[in-house]
Amino acid sequence: VQLVESGGGSVQAGGSLRLSCAASGYTYSGYCMGWFRQAPGKEREGVATIASDGSTSYADSVKGRFTISRDDAKNTLYLEMNSLNPEDTAMYYCARSSFWMLGSRCVRRDKGDFGYWGQGTQVTVS
């Protein structure tokens, strides 16, 4: 299993970024996919998750600003981030659940359910 993020960078407050995660090494469908982030000195937190049935879940801090989506034909996960603010500055990680998962569990955004992680992409908002 390989997850490779891209799209991070530096942006001014109010700006936008789109993160992508290219997945390979397994059959894409059926797994819960998610974006997590970790700022220096803080716990890794679940930003957004999406189940194979399209169910989505967002952290309160990003609701209405971030949108998670998946393209199973391309084995790619996306995170559209708008109205960015300095509190969004963090390393962003793409993750896949350790096992096939129903949407009702995927929406919990429990990092303990995710056994596969990308290397991360830095997002800096100033």
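Throughout, numbering of the chain's residues begins at 1 and tracks the sequence.
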Thinking salt bridges, do Asp113 and Lys111 make one under a 4.0 Å N-O criterion? no

Kindly say whether [Y] contributes a backbone atom to a donor-acceptor pair with the side chain of [X] at under 3.5 angstrom?
X: Thr76; Y: Asp71; result: no
X: Thr121; Y: Gly8; result: yes
X: Glu5; Y: Gln119; result: yes

About how many Å separate [atom2] of [Y] and [atom1] of [X], when rounded to the nearest 0.5 Å?
X: Met81; Y: Arg37; atom1: CE; atom2: CZ; answer: 9.0 Å
X: Asp72; Y: Arg70; atom1: CG; atom2: CZ; answer: 4.5 Å
X: Ser61; Y: Asn85; atom1: OG; atom2: CG; answer: 8.5 Å
X: Thr49; Y: Arg108; atom1: OG1; atom2: CZ; answer: 11.5 Å
X: Leu17; Y: Glu80; atom1: CG; atom2: CD; answer: 9.0 Å
X: Leu77; Y: Ile68; atom1: CG; atom2: CD1; answer: 4.5 Å

[Y] reachable from [X] in the ILVMFWY side-chain graph, under 4.5 Å edges:
X: Trp100; Y: Leu102; answer: no
X: Ile50; Y: Val47; answer: yes
X: Val11; Y: Met91; answer: no

Which atom of [X] lies closest to which atom of [Y], heavy atoms considered:
X: Gly115; Y: Ser98; value: N-OG, 2.9 Å
X: Ala48; Y: Leu79; value: CB-CD1, 4.3 Å
X: Ser52; Y: Gly30; value: CB-N, 3.5 Å
X: Ala51; Y: Gly103; value: CB-CA, 3.6 Å
X: Arg109; Y: Ser57; value: NH1-OG, 2.6 Å

Report the residues that fulfil side-chain contact (heavy atoms from CB on, under 4.5 Å) with Lys42, sequence neighbours left out, ordered by chain and then residue number. Ala39

Could you tell me which residues satisfy side-chain contact (heavy atoms from CB on, under 4.5 Å) with Ser16, sequence neighbours excluded, listed by chain and number? Asn82

Please evaluate residues Thr56 and Thr67 with respect to the criterion side-chain contact (heavy atoms from CB on, under 4.5 Å), reporting the C-alpha separation (whole Å), side-chain torsions for both, the decisive distance (0.1 Å), and the verdict. CA-CA 9 Å; Thr56 58; Thr67 302; over 6 Å; no

Residues in salt bridge (charged side-chain N to carboxylate O under 4.0 Å, His left out) with Asp60, at least two apart? Lys63

Taking the six-membered ring for Trp, is the centroid-to-centroid distance between Phe99 and Tyr31 below 6.0 Å? no

side-chain contact (heavy atoms from CB on, under 4.5 Å) for Gln12 and Val125? Distances and angles first, verdict last. CA-CA 5 Å; Gln12 290 188 335; Val125 185; over 6 Å; no

Side-chain contact test, heavy atoms from C-beta onward, threshold under 4.5 Å: evaluate it for Arg65 versus Asp88 and give yes or no. yes

Clusters formed by hydrophobic residues whose side-chain heavy atoms approach within less than 4.5 Å: which one holds Tyr78, and what are its other members? none

Go through the steps to decide whether Met33 and Leu3 satisfy the test side-chain contact (heavy atoms from CB on, under 4.5 Å), and finish with yes or no. CA-CA 11 Å; Met33 301 295 296; Leu3 303 171; 4.2 Å; yes

Can you pull the disulfide (SG to SG under 2.5 Å) pairs that have at least one residue in residues 90-126, sequence neighbours excluded? Cys21-Cys94, Cys32-Cys106

Summary of ring pair (Phe, Tyr, Trp, His ring centres under 6.0 Å) pairs that have at least one residue in residues 36-70, sequence neighbours excluded: Phe36-Phe114, Phe36-Trp117

